[in-house]
K.L.:
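Sharing a structure below in structure tokens format, with a few things to ask.
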Protein chains: 2
Amino acid sequence: MIKKISIGDIATALNISKSTISFIINGKAKEKRISSALTEKVLQYVDENGYKPSRLAQSLSTGKTMIIGLMVEKISDYFFAQMAYHIEEIAYQNGYKIFYCSTDNDPDKTRELIQLFRDRNVDGYIITPPAGMEKEIQSLIDEGSPVVLFDRYYPDIESSYVILDNFQASYNASKYLADNAFAHIAFITLESDQSQMEDRKQGYAKAMAEHGLEVIIEKIPYGNDPAQTVKQLVRFLRQNKRVDAVYFATNYLAFSGVKAINQLGYKIPGTMAIIAFDDHQVFDFYEPTITAVAQPISELARQSIRVLLSMLNKPLEERAVQKVIVPAHFIVRNSTVRLL
Amino acid sequence: MIKKISIGDIATALNISKSTISFIINGKAKEKRISSALTEKVLQYVDENGYKPSRLAQSLSTGKTMIIGLMVEKISDYFFAQMAYHIEEIAYQNGYKIFYCSTDNDPDKTRELIQLFRDRNVDGYIITPPAGMEKEIQSLIDEGSPVVLFDRYYPDIESSYVILDNFQASYNASKYLADNAFAHIAFITLESDQSQMEDRKQGYAKAMAEHGLEVIIEKIPYGNDPAQTVKQLVRFLRQNKRVDAVYFATNYLAFSGVKAINQLGYKIPGTMAIIAFDDHQVFDFYEPTITAVAQPISELARQSIRVLLSMLNKPLEERAVQKVIVPAHFIVRNSTVRLL
DNA sequence: TAATTAAACAAAACCAGTTTAGCAAAATGA
DNA sequence: TCATTTTGCTAAACTGGTTTTGTTTAATTA
């Protein structure tokens, strides 16, 4: 059980003051006119004894923890996990550590987590906010904490955010189906009032309107058990026999959808074309491969952390609200092939 | 920008000493003989002004951060993400926060991360260790830090750990294939000297030996690109035409394997039976559904955090090394059906 | 009634740093 | 040669808590 050595220990050992050591360690030796002889001596001692300043004490006195709080919807979700992964990497390069956690889209849990981050004195926040957190987010901003919303945003709050161009991406995907002569295109989405889900719906609706096609929307309760979802979709497809293409608003809805379609004995492609919003590894190896709207994850991550870092590096007054909208990729695979 | 109120501010406001306030807040009012009148007054003030002690200051003076460092191989991996999720939940219930990160199985990165956790003064560690970290882990233990290894362990180190019974689970899966009259059972694994991979190989080998079957092992380089893996497996299966069952040592190897098998035009089941070690959501919805060895994730998580908490709650001398081995579940699905 | 004990709180040390203000000695300038 | 500036460093205050030790007053006890 080796006790860690403190700045005070060094001061005693070398018979100099703590402040001198602090200056030297923080590279302010010249600025503070410490002789190079003493500077050398201290640095050597530090090196030999493996001294590392206590981050706790540093944080307490500087008020900075060099920690960024990252709140995603669900860290076990591929999309969010990848986001976290990329954000973390860039954060590290800038000396920041990431504290991350899942909101599960639960307002109460989110409130607790925000409080927790606040308690832990994180320097900044990147948040995928559940619906209805406007007040909490606003109060974070009011406190002077740098906040970047991500994946979704609140139209009524003047905050920085980084989101996908959900509307355009969804419009493109829907239009693709319509252009390929699918005539009854259903949109399967969640019962959710999150901004990104609303945008996806609007994109779909616009494409349908432009092509004079019927709007067919089925909503799945949020947080539904996959088996339940399959049942609901089987029922839906039975009652809507004319549907020849299904566009799913999330990738896991597509998973359940594929299962439902298989259960009904429909063929993809052939009887039914499908598109999923938000690409997934599996879409590329499943038979048939599944056409998807892909979110450029690393780009979204890069933008999010870039915006946050730019806020962290500026004093409160100079911080500008930054709103970033990133375009999606549309990946055409076999599930939307028109069989003649 | 509301400035946070400190214990000193309260002391000044109520004209009493900091220590009195500290005692009251920490529920030691009676023990420290603070009058109930004053106790009331302080608690009310605290409540009205929303005072929360600074965790930083608390940590600095108590030496405890109430943070657990959780290092997994890859947080975007379903298995680890779920583990993290469950561990986090129980940790929270016990007042602990989780700091988590991915090692990517990279020894250098892991070293850095351990250093980082150390710097951040985490109270305890749950680690999925890459091969060759014995020295670092040992030095953590020597420092008196509670450490629980998880998913794999070092035979040469006296540390607590929680692992799956890889040997038995792998033996059972292999035996299942042999019992069902598959005659040429290949084992696809990673070039890795991690304990869990070795155990899986041994389990397979034992079952083959007992049934007098040939041991056919193909090793994929660790961290291989999926496309590369598919190529290698196609080559392997071409050269081993008699193989009628493939047992994959990880779920992502199975993904590539399925793709390779499809490319060769083999049918699952029929031409080829497959089993994957480590279940995956997709195995249940893929056609055919895929037989798998399932790790009881929540049980593994529960055990890991339980062991760590029991160490955290005991003084150094009373801490016992705990070694937990959890049995796996074998989930039979369609990929191992014998077609007559 | 004096000595002892208990009650109720305060003071101060401590955790491990950062930062501001300041001081003595040496160097420079008039 | 004396005032001024520069050099090189230190002391002390501060961050916001916890914990040990001290002190005063009131209540018991002998």
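In what follows, every chain begins at residue 1, and chains take the letters A, B, ... in the order their sequences are listed. What's counted below: heavy atoms across the whole structure, side chains too, no hydrogens, waters or symmetry copies.
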K.L.:
For the residue pair B/Asp123 / B/Tyr96, report whether a side-chain donor-acceptor contact shorter than 3.5 Å exists.
P.N.:
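Absent: no donor and acceptor within the cut-off.
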
K.L.:
Can you tell me how far C1' of C/dG17 sits from NZ of A/Lys4, to the nearest Å?
P.N.:
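Interatomic distance, NZ of A/Lys4 to C1' of C/dG17: 14 Å.
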
K.L.:
Between the side chains of B/Arg302 and B/Glu299, is the shortest nitrogen-to-carboxylate-oxygen separation below 4.0 Å, so that they form an ion pair?
P.N.:
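Result for this pair is yes, salt bridge flagged.
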
K.L.:
Near DNA chain D, which residues from residues 14-23 of chain B have a heavy atom under 4.0 Å away?
P.N.:
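Within residues 14-23 of chain B, the residues near DNA chain D are B/Lys18, B/Ser19, B/Ser22, B/Phe23.
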
K.L.:
Whole angstrom is fine here: how far is it from CZ in A/Arg55 over to P in D/dG16?
P.N.:
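So the two atoms are 19 Å apart, to the nearest Å.
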
K.L.:
Taking salt bridge (charged side-chain N to carboxylate O under 4.0 Å, His left out) as the definition, give me every residue that meets it alongside B/Glu317, ordered by chain and number, with sequence neighbours left out.
P.N.:
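Residues passing salt bridge (charged side-chain N to carboxylate O under 4.0 Å, His left out) with B/Glu317: none at all.
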
K.L.:
Do we see a donor-acceptor contact under 3.5 Å between the side chains of A/Arg55 and B/Thr65?
P.N.:
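A/Arg55 vs B/Thr65: no donor-acceptor pair found between side chains.
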
K.L.:
Answer yes or no on whether B/Lys323 is positioned over the face of B/Tyr153, meaning its NZ or CZ is under 6.0 Å from the six-membered ring centre and within 45° of the axis.
P.N.:
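So B/Lys323 doesn't make the cation-pi contact.
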
K.L.:
Any side-chain donor-acceptor pair under 3.5 Å between B/Glu40 and B/Gln44?
P.N.:
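Side chains of B/Glu40 and B/Gln44: no pair found under 3.5 Å.
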
K.L.:
If the cut-off is 4.0 Å, is B/Gln58 near the phosphate of D/dT18, judged by side-chain N/O to OP1 or OP2?
P.N.:
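B/Gln58 to D/dT18 OP1/OP2: side-chain N or O found under 4.0 Å.
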
K.L.:
How would you label the contact of B/Leu56 with the nucleic acid (heavy atoms, under 4.0 Å): base, sugar-phosphate, or nothing?
P.N.:
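B/Leu56: no heavy atom of the nucleic acid under 4.0 Å.
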
K.L.:
Which residue is it: A/Ser310, A/Ser159, A/Ser160? I am looking for the one with a side-chain hydrogen bond (donor to acceptor under 3.5 Å, both in side chains) to A/Gln322.
P.N.:
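Option passing the side-chain hydrogen bond (donor to acceptor under 3.5 Å, both in side chains) with A/Gln322: A/Ser310.
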
K.L.:
Could you check how far CD1 of A/Ile5 sits from P of C/dC15, rounded to whole Å?
P.N.:
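Spelled out: CD1 on A/Ile5 to P on C/dC15 is 14 Å.
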
K.L.:
For the atom pair CD1 (A/Ile25) and CD1 (A/Ile7), what is the distance rounded to the nearest 0.5 Å?
P.N.:
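That separation rounds to 5.0 Å.
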
K.L.:
Could you state the atom-to-atom distance from CZ of A/Arg33 to P of D/dC9 in whole Å?
P.N.:
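Rounding to the nearest Å, CZ of A/Arg33 and P of D/dC9 are 11 Å apart.
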
K.L.:
In whole Å, I'd like the distance from the CG atom of A/Asn49 to the C1' atom of C/dA16.
P.N.:
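In whole Å, C/dA16 C1' lies 17 Å from A/Asn49 CG.
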
K.L.:
Atom CD of A/Glu31 to atom P of D/dG8: distance rounded to whole Å?
P.N.:
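Answer to the nearest Å: 15 Å.
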
K.L.:
Heavy atoms only, 4.0 Å cut-off, all strands: where does B/Lys30 land among base, sugar-phosphate and nothing?
P.N.:
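Answer is nothing: B/Lys30 stays at 4.0 Å or more from every strand.
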
K.L.:
Could you work out which one of C/dC15, D/dC9, C/dG17 sits closest to the side chain of B/Ser61?
P.N.:
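Closest of the options to the side chain of B/Ser61: C/dC15.
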
K.L.:
Nearest to the side chain of A/Asn26, heavy atoms from C-beta on, is which of C/dT18, D/dC9, C/dA16?
P.N.:
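Minimum distance to the A/Asn26 side chain belongs to C/dT18.
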
K.L.:
Could you go through the side-chain contact (heavy atoms from CB on, under 4.5 Å) check for B/Ile114 and B/Thr110 one step at a time?
P.N.:
CA-CA 6 Å; B/Ile114 288 180; B/Thr110 306; 4.2 Å; yes

K.L.:
Atom CG in B/Asp9, atom NZ in B/Lys18: separation rounded to 0.5 Å?
P.N.:
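The NZ atom of B/Lys18 is 10.5 Å from CG of B/Asp9, to the nearest 0.5 Å.
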
K.L.:
Mapping A/Lys32 and A/Ile7 to their closest nucleotides on DNA chain C, which lands nearer the 5' end?
P.N.:
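The residue whose closest nucleotide sits nearer the 5' end is A/Ile7.
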
K.L.:
Report the distance from atom CG of B/Leu60 to atom C1' of C/dC15, rounded to the nearest whole Å.
P.N.:
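Taking atom C1' of C/dC15 as the reference, CG of B/Leu60 is at 4 Å.
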
K.L.:
Nearest to the side chain of A/Lys28, which nucleotide is it out of C/dT19, D/dG16, C/dG17?
P.N.:
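Looking only at side-chain atoms, A/Lys28 lies closest to C/dT19.
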
K.L.:
Between the two ends of the helix from C/dT1-D/dA30 to C/dA30-D/dT1, what is the bend in degrees, rounded to 10 degrees, where each end axis spans five pairs?
P.N.:
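About 60°, once rounded to a multiple of 10°.
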
K.L.:
Would you say a side-chain N or O of A/Ser35 is under 4.0 Å from OP1 or OP2 of D/dT7?
P.N.:
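No.
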
K.L.:
A/Arg120 CZ to D/dG16 C1': how many Å, rounded?
P.N.:
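These atoms are roughly 15 Å apart.
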
